[in-house]
2 protein chains.
Amino acid sequence: MSAGATLAARFQAWQGQTFDGGQCPVRDVLDQIGTKWSMLILIVLADAPSRFSALQRAVPDISKRMLTQTLRDLERNGMITRQVFPTKPPSVEYRLSALGESLLPPLQALVEWAESRHGEIRAARVHFDAERPA
Amino acid sequence: MSAGATLAARFQAWQGQTFDGGQCPVRDVLDQIGTKWSMLILIVLADAPSRFSALQRAVPDISKRMLTQTLRDLERNGMITRQVFPTKPPSVEYRLSALGESLLPPLQALVEWAESRHGEIRAARVHFDAERPA
DNA sequence: CGGAATCCAGCCCGATACTG
DNA sequence: CAGTATCGGGCTGGATTCCG
C-alpha cells in the first residue's frame, strides 16, 4: 500500500512538471523497455559480450535491420558500447556499459515475476475469453 | 555476472522450446509492460481503486479509446478487476487484483532505477547525437 | 458516466537487395 | 562480417461520433 502510494506520487510529480512524456523518467524508460527486442538483446549481452552475428544467432527471429536499429538505440541510450576491430573482414563487439549492467537487477526481478506468474496470466486470459463469446 | 548468466539461460531455455514469442514468459510480460499506457494505469491504481473518469484525470493525455482498451487488456490478463455499480448514471470501479499487486515490487524497482539513472541516459543521448551529425 | 464503433494517419518492423 | 537502402503491409493509437 505504501509502495503503491510512492509509485503514484512519483509519477504524478513528473506530470505536474510537464505533460511531455519525454521528460518523465518512468515513461521514458518504459518506452525503451517496451520495444520489441531491446531487453532481449540486453539479456543476451548480460551473459557475455557478443559480436553482431552472435547476437543474430542468440535471437533467431530478429531481422538484421531490427538488430542494427536496436543496437544503435541501446548505444545511444548509453546501455551498451560498440567496439570495432579493423580485421578482415571487420568484426564488431557489443558489451554492456556500467549503466546497462545497473539495469540487470531490476530486470531480473521482472523476469522472475514473469516466470512465476505466467501460468496465472494465461489462465486469466482463458477465463476472460470464455466469458466473452466474441 | 551470475545474474546475467541466469537471465540468458532462462531466455534461451524458452527459445529451445519454441520460437513462438507468445509462449515465452519474458516476451509475453515484456510486451504487456511495453504497451504505452498499461503500467501507468497500474501505477495509478496502486495508489487507490479508481473509476473510469478518475483514471482519465490521472493520466491526462490518454484518449478514452485507449483507456478502455488498456483496461480491458489488463482485466483480461488478470491484473485488475472491474466492478459495475448500477447507479444513475452508472459508475465503474477498477482495482488491482492480487496478481496485479504482486507486480508492484518489481515495477517499483524499475521506477527507482529509471529515476536514479535518467540523467545519465539523457546525457548519453546528447553525447551520441553530438558525435553523429546526421 | 462509461463506454462502443468507425475512420484513418503514422510507424513499426519484416523481407529483400545491395555494399565496403 | 556487419551493416545500409528501399519498399510495403499491418498494427497502434488518436480523433470523432454515437449510445444506454
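Since the model is a prediction, treat every value here as computed from it, not as a measurement. Chain naming here is simple, since letters A, B, ... match the order of the sequence lines and numbering starts at 1 in each.
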Colleague: Is there side-chain contact between A:Leu103 and B:Arg117, with at least one heavy-atom pair below 4.5 Å?
Modeller: no
Colleague: Between the opening five pairs and the closing five pairs of the helix from C:dC1-D:dG20 to C:dG20-D:dC1, how far apart are the helix axes, to 10°?
Modeller: 50°
Colleague: Would you indicate whether the side-chain heavy atoms of A:Ile80 and A:Leu99 approach each other to under 4.5 Å?
Modeller: no
Colleague: Calculate, to the nearest 0.5 Å, the distance between atoms NZ and CZ belonging to B:Lys36 and A:Arg27 respectively.
Modeller: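 B:Lys36 atom NZ to A:Arg27 atom CZ measures 8.0 Å (nearest 0.5 Å).
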Colleague: Checking side-chain hydrogen bond (donor to acceptor under 3.5 Å, both in side chains) against A:Asn77, which of B:Glu120, B:Arg125, B:Arg122 comes through?
Modeller: B:Arg125
Colleague: Taking side chain as C-beta onward, heavy atoms only, is B:Leu96 less than 4.5 Å from B:Met79?
Modeller: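 Of all side-chain heavy-atom pairs linking B:Met79 with B:Leu96, none is under 4.5 Å.
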Colleague: Going by the rule salt bridge (Lys or Arg N to Asp or Glu O under 4.0 Å), which residues pair with A:Arg51 if we only count those two or more places apart in sequence or in a different chain?
Modeller: none
Colleague: Rounded to the nearest 0.5 Å, what separates atom CG in A:Leu45 from atom CD in A:Glu101?
Modeller: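 Nearest 0.5 Å value for the CG-CD distance: 10.5 Å.
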Colleague: Summarise protein proximity over nucleotides 1-20 of chain D in one line of letters, 5' to 3': B for base, S for sugar-phosphate only, - for none, counting protein heavy atoms closer than 4.0 Å.
Modeller: SSBB-B------BBB-----
